[in-house]
Engineer: 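One structure coming up, written as structure tokens, with questions to follow.
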Amino acid sequence: MLLNFGIVDGLPEEEQEKLNKLKYIYDYHKSSNRKKRRYYNGKITLKEVNLGIALPRDFGRLEIGCAWGAKAVDVLAARSMFDGFVMQNGSDASEMDQIMKRNRLVAEYSKACKEELKYGSVYAAVSGSEGKACIRFYSPMCAAASWDNQKGTIDCGFAFEDLRTDESDYNWSPSHVNFYTDTDIWQLDMEGGRWKATQYPHKFRRPLMVPMIWDATNDKPLGQSRLKEPIRRLIQGYVRTVANATIGLEFATSPQKYLLGITDEQYDALVEQRFKQYVGSILFSTTNPESGEKPTYGQLNQGNIEPHVQMLRMIATQFSAATGLTVTDTGVVNDANPTSSDAILAQSQTLVLMAQQLNTGNADALYQISQMALAIELGTTPDDLPYECKEIVAHFKNPAMPSVAVTADAAIKIASARDGFSSTDTFLEMIGFDQADIRRIKAQEQRARGARILTEEFTANEDIE
């Protein structure tokens, strides 16, 4: 991808310096982000995994599929189930619900969570006008941000507004970029071979861009990918082992045979018709007239694929320990795999803890996103929002993903010990109903109560008469 802003017409000098810094950050991480995307898509070449010992270099075109990169990301992302916003007092966040529906925020979060785990961070940009707040997510492949240690958040960032259609086109270049600062959104457009800036000021006193970050450290405040170098090395080990096993199986399918004591004519005939000699059920030969030896037929021992299987099991166990996935998730079966539901649940506890960590960090980012979106929707600033709008909370489903039978049993036990719990939405959620079902149940109960009241009043009037 080619990205060269140069001097942007209409952009002040201070903003120009920030933009140049963002371009440097984007270019610095571009190659590593491409590699992470390749490993997520399972496009690992034998050239980068070959040790040059057992695997012939001529087999570089052999392709071995590996979904471990996608598994490391998708299995954890699937446990982060954003369920919308609620108020701290338990009531519905009606204003935010409208913004969520318009922007399909639940579905967009699901996609953004995968990008966050794949690259280490993902960026949400908020824009729009009063009554029309807009939320969009951008991966580091089309966005970049600069971290400010003093503020504890990003100082500025940019995002491409025109997405490329062909990921393999390295000559593609964006022509529309949004540049976010504390005071403005700068719309950068390529016109006539030069970049031109259009200023859209705001009073939020922070960039209208919020990062969702995974596994941040002091050294890497914008997070780390799930596909870090140690994980990629294990994926390489998987690909290399499967490649060696595939080649070994080919040799086992056509074992090496030999004939000793044959004539030159017989040797030439065998060399010219190797495949026919291999598939033929009978071989004919005569005594060598020169030496008087009778031809001796033999076959070398076939290679054993079991060492490759053992190696795969060892790599799968290491990959499981490094990612928190169960060994079953890797698709490699071994004696260490759990056989009971309790054992499977115990083995997935590490992944559940990771999902809770992911939800905690993303809940804070979603809160900031909601405050900006509500401020735009209501035509104000986050600091001036009504009190009830500041009491909003991002809600996630249980990352442990317990069965309906388990949660229903727990809900019934709680209801027996706590008066009124059975009439709450939380009780209905625990016994397996989603929000759509809960609304239908509440509406039908309300209609039934109304009909019962009318019947009682009608009966009472008849008794009076």
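Predicted, not measured: the structure shown is a model, and the values here were computed from it.
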Engineer: Just verifying a value: how many Å separate Cys134 SG and Arg136 CZ, rounded to the nearest 0.5 Å?
Structural biologist: 3.5 Å
Engineer: Can you list the residues that meet the side chain to side chain donor-acceptor pair (under 3.5 Å) rule with Asn33, with sequence neighbours excluded?
Structural biologist: none
Engineer: Using side-chain heavy atoms (C-beta onward) and a distance below 4.5 Å, is Leu76 in contact with Leu351?
Structural biologist: yes
Engineer: Treating Ser80 as the side-chain partner and Ala77 as the backbone partner, does any N or O pair qualify as donor plus acceptor under 3.5 Å?
Structural biologist: no
Engineer: Say you draw a straight line from CD1 of Ile315 to CD of Gln310; how long is it, rounded to the nearest 0.5 Å?
Structural biologist: 12.0 Å
Engineer: With respect to Thr381, which candidate in Gln371, Arg205, Met372, Lys203 satisfies the side chain to side chain contact (heavy atoms under 4.5 Å, CB included) definition?
Structural biologist: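 Option passing the side chain to side chain contact (heavy atoms under 4.5 Å, CB included) with Thr381: Lys203.
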Engineer: Taking Arg38 for its side chain and Lys43 for its backbone only, find out whether a donor-acceptor pair lies under 3.5 Å.
Structural biologist: yes
Engineer: Side chains of residues 206-219: which donor-acceptor pairs under 3.5 Å do they make with residues two or more places apart or in other chains?
Structural biologist:
unit_1: Asp215; atom_1: OD2; unit_2: Gln224; atom_2: NE2; d: 3.4
unit_1: Thr217; atom_1: OG1; unit_2: Asp219; atom_2: N; d: 3.4
unit_1: Thr217; atom_1: OG1; unit_2: Lys220; atom_2: N; d: 2.9

Engineer: Could I get the full list of ring-ring contact (aromatic ring centres under 6.0 Å, His included) partners for Tyr123, not counting sequence neighbours?
Structural biologist: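 With neighbours one apart ignored, the set is empty.
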Engineer: If we ignore hydrogens and angles and just use 3.5 Å, is the side chain of Arg102 paired with the main-chain N or O of Ala133 as donor and acceptor?
Structural biologist: yes
Engineer: Report yes if the side chains of Arg34 and Met141 come closer than 4.5 Å at any heavy-atom pair, otherwise no.
Structural biologist: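 With C-beta onward as the side chain, the pair touches.
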Engineer: Would you check, one step at a time, whether the test side chain to side chain donor-acceptor pair (under 3.5 Å) holds for Asn362 with Glu116?
Structural biologist: CA-CA 10 Å; Asn362 287 353; Glu116 174 189 3; 3.0 Å; yes
Engineer: Given the rule in the side chain to side chain contact (heavy atoms under 4.5 Å, CB included) test, do Glu108 and Ile135 qualify, once you have shown the distances and angles that lead to the verdict?
Structural biologist: CA-CA 9 Å; Glu108 291 300 315; Ile135 303 171; over 6 Å; no
Engineer: Look at the side chain of Asp329 and the backbone N and O of Leu325, then say whether any donor-acceptor pair between them is shorter than 3.5 Å.
Structural biologist: no
Engineer: Mark yes or no for whether Tyr138, through its side chain, and Ala144, through its backbone, hold a donor-acceptor pair below 3.5 Å.
Structural biologist: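 Not confirmed, Tyr138 side chain does not pair with Ala144 backbone.
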Engineer: Any salt bridge between Glu15 and Lys18, counting N to O under 4.0 Å?
Structural biologist: no
Engineer: Going by the rule ring-ring contact (aromatic ring centres under 6.0 Å, His included), which residues pair with Trp147 if we only count those two or more places apart in sequence or in a different chain?
Structural biologist: none
Engineer: Can you tell me if Ser32 uses its side chain to pair, donor with acceptor, with the backbone of His29 under 3.5 Å?
Structural biologist: yes
Engineer: Do Cys66 and Tyr238 have side-chain heavy atoms sitting under 4.5 Å apart?
Structural biologist: yes
Engineer: Take Ile154 and Leu222 through the side chain to side chain contact (heavy atoms under 4.5 Å, CB included) test and state the conclusion after the steps.
Structural biologist: CA-CA 9 Å; Ile154 62 172; Leu222 286 175; 4.2 Å; yes
Engineer: What I want to find out is whether Lys151 reaches Asp182 closely enough, with some N-O distance under 4.0 Å, to be called a salt bridge.
Structural biologist: yes
Engineer: Describe, in one word, how the ring planes of Phe5 and Phe158 are oriented to each other, choosing from parallel (under 30°), tilted (30 to 60°) and perpendicular (over 60°).
Structural biologist: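 The arrangement is perpendicular - the two ring planes meet at more than 60°.
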Engineer: Are there more than 12 heavy atoms of other residues, nucleotides or ligands under 6.0 Å from atom CD of Glu191?
Structural biologist: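 Enclosed: over 12 neighbouring heavy atoms sit under 6.0 Å from CD of Glu191.
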Engineer: Measure across Ala375 and Pro382 and return the closest heavy-atom pair with its distance rounded to 0.1 Å.
Structural biologist: CB-N, 3.6 Å
Engineer: Between Phe319 and Ile231, is there a side-chain heavy-atom distance shorter than 4.5 Å?
Structural biologist: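 Contact flag for Ile231/Phe319 side chains = yes.
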Engineer: Which atom pair, heavy atoms only, marks the closest approach of Leu378 to Pro386?
Structural biologist: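 Closest pair (atom of Leu378, atom of Pro386, distance): CD1-CD, 4.2 Å.
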Engineer: Do Met100 and Val106 make a side-chain contact, defined as non-hydrogen atoms from C-beta onward lying under 4.5 Å apart?
Structural biologist: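 They are in side-chain contact.
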Engineer: May I ask you to say whether Arg233 pairs ionically with Glu229, meaning some side-chain N is under 4.0 Å from a carboxylate O?
Structural biologist: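 Yes.
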Engineer: Would you compute the distance between atom CG of Asn398 and atom CE of Met81 and round it to the nearest 0.5 angstrom?
Structural biologist: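 Between Asn398 CG and Met81 CE, I get 7.0 Å after rounding to 0.5 Å.
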Engineer: Can you tell if the side chain of His176 reaches within under 4.5 Å of the side chain of Phe160, non-hydrogen atoms only?
Structural biologist: no
Engineer: Could you tell me which non-hydrogen atom of Glu115 sits nearest to which non-hydrogen atom of Ser139, and how far apart they are?
Structural biologist: OE1-CB, 3.1 Å
Engineer: Quick one, Val177 and Glu161 - any side-chain contact, counting heavy atoms below 4.5 Å?
Structural biologist: no
Engineer: Is there a side chain to side chain contact (heavy atoms under 4.5 Å, CB included) between Asn178 and Trp186 once you walk through the steps?
Structural biologist: CA-CA 6 Å; Asn178 282 346; Trp186 294 89; over 6 Å; no
Engineer: About how many Å separate OG1 of Thr241 and CG of Leu312, when rounded to the nearest 0.5 Å?
Structural biologist: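 Interatomic distance, Leu312 CG to Thr241 OG1, rounded to 0.5 Å: 5.5 Å.
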Engineer: Shortest non-hydrogen contact from Ala72 to Thr323?
Structural biologist: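 Between these two residues, the closest heavy atoms are CB-CG2, 4.2 Å.
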Engineer: Taking side chain as C-beta onward, heavy atoms only, is Leu188 less than 4.5 Å from Lys196?
Structural biologist: no
Engineer: How far does CD of Gln98 sit from CG of Asn103, to the nearest 0.5 angstrom?
Structural biologist: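 Answer for the CD-CG pair, Gln98 versus Asn103, is 11.5 Å.
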Engineer: May I ask you to say whether Asp97 pairs ionically with Lys101, meaning some side-chain N is under 4.0 Å from a carboxylate O?
Structural biologist: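 No salt bridge links Asp97 with Lys101.
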Engineer: How would you list, by chain and number, every residue that makes a ring-ring contact (aromatic ring centres under 6.0 Å, His included) with Phe82, sequence neighbours excluded?
Structural biologist: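 Phe85, Tyr109, Phe396.
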Engineer: Taking ring-ring contact (aromatic ring centres under 6.0 Å, His included) as the definition, give me every residue that meets it alongside His202, ordered by chain and number, with sequence neighbours left out.
Structural biologist: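 His202 satisfies ring-ring contact (aromatic ring centres under 6.0 Å, His included) with Phe204 once adjacent residues are dropped.
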Engineer: Cut-off 3.5 Å, side chains only: do Gln357 and Asn359 have a donor facing an acceptor?
Structural biologist: no
Engineer: Is there a donor-acceptor contact under 3.5 Å from the side chain of Arg194 to the main chain of Val8?
Structural biologist: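 It does not hold such a pair.
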Engineer: Just by modelled atom types, is the Leu227 backbone N or O under 3.5 Å from a matching donor or acceptor in the Arg232 side chain?
Structural biologist: yes
Engineer: If we ignore hydrogens and angles and just use 3.5 Å, is the side chain of Asp162 paired with the main-chain N or O of Ser175 as donor and acceptor?
Structural biologist: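 Such a contact is found between Asp162 side chain and Ser175 backbone.
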Engineer: Please indicate whether Lys23 has more than 12 foreign heavy atoms, meaning atoms of other residues, nucleotides or ligands, lying under 6.0 Å from its NZ.
Structural biologist: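 Counting neighbours around NZ of Lys23, more than 12 heavy atoms of other residues, nucleotides or ligands fall under 6.0 Å, so yes.
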Engineer: Take Glu130 and Glu377 through the test side chain to side chain contact (heavy atoms under 4.5 Å, CB included) and record every step on the way to the result.
Structural biologist: CA-CA 5 Å; Glu130 187 172 347; Glu377 186 83 2; over 6 Å; no
Engineer: Any idea which heavy atoms bring Leu234 and Gln318 closest together, and the distance?
Structural biologist: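 Answer, listing the atom of Leu234 first, then Gln318: CD2-OE1, 3.5 Å.
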Engineer: Does the Gln16 side chain pair with the main chain of Gly6, one donor and one acceptor, at a distance under 3.5 Å?
Structural biologist: yes
Engineer: Could you tell me whether Lys118 sits above the aromatic face of Tyr40, with NZ or CZ closer than 6.0 angstrom to the six-membered ring centre and within 45 degrees of the axis?
Structural biologist: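 Satisfied, under 6.0 Å and within 45°.
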Engineer: What distance do Leu117 atom CG and Lys36 atom NZ have between them, rounded to the nearest 0.5 Å?
Structural biologist: 12.0 Å
